[in-house]
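Structure first, commentary second.
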Amino acid sequence: MYDLILKGGRVVDPASSIDGILDVGFADGKVAAVGANLECVEAGEVKDVTGCVVTPGLIDFHTHVYWGGTSLGVDSERIARRSGTTTFVDAGSAGAGNLPGFRAHVIERVAPRILAYVNISFAGIFGFSKNVMVGECGDMRLVHPHECLAAAKDNLDIVVGIKARIGAKAGGMSGIAPLHLAIEVADKLGLPVMAHIDNAPPSQKEVLEILRPGDILTHCFRPWPNAPIDGQRNIRAEVLAARDRGVVFDIGHGQGGFSFDSCRAMFDEGIFPDVISSDVHVLCVDGPAHDVLAVMSKFMALGMNLTDVVRCVTLSPAQAMRRPELGSLAVGTPGDAAILELRDEPVRHVDVSGETLTADTRLAARGVVIGGHWWANGDAPEPRS
């Protein structure tokens, strides 16, 4: 009856309002059953996960996994094994000029699922290293909406939106123009935009005022400048207005996108992220971001409970990219799951400003299920079709 049963874990699935000690059965690549004491006689494999937390496969909503094709890309399979991530959303590594290569050489060859925001810049993120930093939107000759639209239309099975990186670093003197063009493309496709903002110009206020309901502001708890709080640590009016309007707030930790100080100020006013993501790339994969599981641990250390943190890496990102089946363990959904441990051990967290935070517990990955099959310790399922 089942290809795999996960036995006796604490199943936390906010999409199904489930939090309890249950078994999860998989068959034919999908979730086949969730319940107490599933019959094991006809199961192909049974894994005792007593003491572990079983969640839908984790979705890292902001990553850079065009490994080998861009200078900032990291290996999705290596990150997946250590973090329980089964879906990576690449946030604009590829533009129209190299999206076909990303698809053929990475997306179609790896076991984790990879979806993509297409960069409004034709070249994608092409100059990104410790020694070279050239913003892809700094030259408006590269920002070509017709090319972006055509590439996205040809790949709608993997494309979840359009990405624009703007600010002094990513866009130079182009200002807010690349974001306007990204919104034009997204509007034609009926898809959201993900907006990156680093240092002004433009200001965060200018960016937030043109984002539509369902569009994503990444690096939403970034440090000064362009922080969500003012000098008195009050939340800026434009931030509150955007949130009320339905703009999605994504963490996008990365090398420069997340501050404990901004986060605490937002929490003090009852404002929490919609999505927790790592923005993992070559400059932050060994710290301070590491992977989405490490960022989840930081948010638990800051006071969020486990269920809310899991919601931010399952249900919420799945809804934001309009693929709700990816954030659930409901029967019939894709057979992806993360098996996590809450380890009682000291951990020292660091944000992008160098501030530290100590905690007594952290999350660790015990195993991963992809396409209904256990994937750990060298066992590799076939790449997704």
Side-chain angles (χ1 to χ4, degrees), residues 3-4 26 28-30 56-119 122-126 128-129 148 150-161 163 277-286 289-293 313 317-318 321 323 325-327 333-338 365 367-385:
D3 299 316
L4 170 68
F26 302 87
D28 299 323
K30 297 184 180 298
L58 304 187
I59 301 168
D60 196 344
F61 190 63
H62 184 151
T63 68
H64 295 282
V65 289
Y66 191 177
W67 182 84
T70 60
S71 59
L72 79 164
V74 295
D75 181 353
S76 62
E77 291 195 337
R78 182 169 72 90
I79 303 301
R81 289 184 187 281
R82 77 185 195 194
S83 66
T85 306
T86 62
T87 297
F88 292 85
V89 183
D90 188 278
S93 299
N98 55 355
L99 183 61
F102 186 23
R103 179 174 194 137
H105 303 308
V106 177
I107 294 174
E108 294 178 354
R109 293 175 179 263
V110 299
R113 178 185 296 100
I114 298 177
L115 302 170
Y117 282 86
V118 183
N119 201 311
F122 182 80
I125 303 174
F126 63 88
F128 192 103
S129 76
C148 184
K153 277 185 173 179
D154 287 344
N155 294 276
L156 285 175
D157 58 325
I158 61 167
V159 169
V160 295
K163 175 73 179 291
S277 66
S278 70
D279 184 20
V280 65
H281 54 68
V282 70
L283 298 185
C284 67
V285 68
D286 296 318
H290 298 286
D291 53 51
V292 75
L293 200 60
V313 295
M321 61 187 177
R323 303 199 182 200
E325 72 280 2
L326 299 184
T333 58
D336 297 342
V368 187
V369 176
I370 291 181
H373 296 279
W374 185 264
W375 189 58
N377 302 320
D379 302 326
E382 290 296 316
R384 296 180 187 272
S385 57

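Numbers for residues simply follow the sequence, beginning at 1. Here the structure is a predicted model, which means the values were calculated and not measured.
Annotation: side chain of R81 is not in contact with side chain of V368 (no heavy-atom distance under 4.5 Å). Contact of the V89 side chain with the M321 side chain is registered, since non-hydrogen atoms from C-beta on lie closer than 4.5 Å. The side-chain heavy atoms of V159 and L115, taken from C-beta on, include no pair separated by under 4.5 Å. Here the side chains of S278 and T63 are in contact, with some heavy-atom distance below 4.5 Å. Between K163 and V118 there is no side-chain heavy-atom pair separated by less than 4.5 Å.
Remark: F26 engages no residue in a ring pair (Phe, Tyr, Trp, His ring centres under 6.0 Å) (not counting sequence neighbours). Qualifying ring pair (Phe, Tyr, Trp, His ring centres under 6.0 Å) partners for H62, counting only residues two or more places apart in sequence or in other chains: H64, H219. Residues forming a side chain to side chain contact (heavy atoms under 4.5 Å, CB included) with F126 (at least two apart in sequence, or on another chain): A123, V134, E136, L142. The ring pair (Phe, Tyr, Trp, His ring centres under 6.0 Å) check on Y66 picks up F102, with sequence neighbours excluded. Checked against side chain to side chain contact (heavy atoms under 4.5 Å, CB included), R82 has the following partners two or more places apart in sequence or in another chain: R78, I79, V285, H290, D291. Partners of F128 under the ring pair (Phe, Tyr, Trp, His ring centres under 6.0 Å) rule, at least two apart in sequence or in another chain, are H281.
The nearest pair of heavy atoms linking P334 to L326 is CG-CD2, 3.9 Å. Nearest heavy-atom pair across A91 and I125 is O-CD1, 4.4 Å. A pairwise comparison of heavy atoms in S76 and V110 identifies OG-CG2, 3.8 Å as the closest pair. Heavy atoms only, all atoms of each residue included: A80 and P112 are closest at CB-CG, 3.7 Å.
Using modelled atom types, no side-chain atom of D154 and backbone atom of A151 make a donor-acceptor pair closer than 3.5 Å. A donor-acceptor contact shorter than 3.5 Å is absent between the side chain of N119 and the backbone of G95. Under a 3.5 Å cut-off, the side chain of D90 and the backbone N or O of S93 do form a donor-acceptor pair. No donor-acceptor pair under 3.5 Å is formed between the side chain of N155 and the backbone N or O of P100. Put simply, the side chain of E77 gets close to the backbone of A111: a donor and an acceptor are under 3.5 Å apart.
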For this session: I would like to know whether V65 and V74 meet side chain to side chain contact (heavy atoms under 4.5 Å, CB included); could you show each step before the answer?
Result: CA-CA 5 Å; V65 289; V74 295; 4.2 Å; yes
Problem set entry | Derivation and outcome, side chain to side chain contact (heavy atoms under 4.5 Å, CB included), residues L58 and L293 | CA-CA 9 Å; L58 304 187; L293 200 60; 4.0 Å; yes
Problem set entry | Pair L283-L72, side chain to side chain contact (heavy atoms under 4.5 Å, CB included): steps then yes or no | CA-CA 7 Å; L283 298 185; L72 79 164; over 6 Å; no
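No option in T87, T85, T86 other than T87 meets the side chain to side chain donor-acceptor pair (under 3.5 Å) test with R113.
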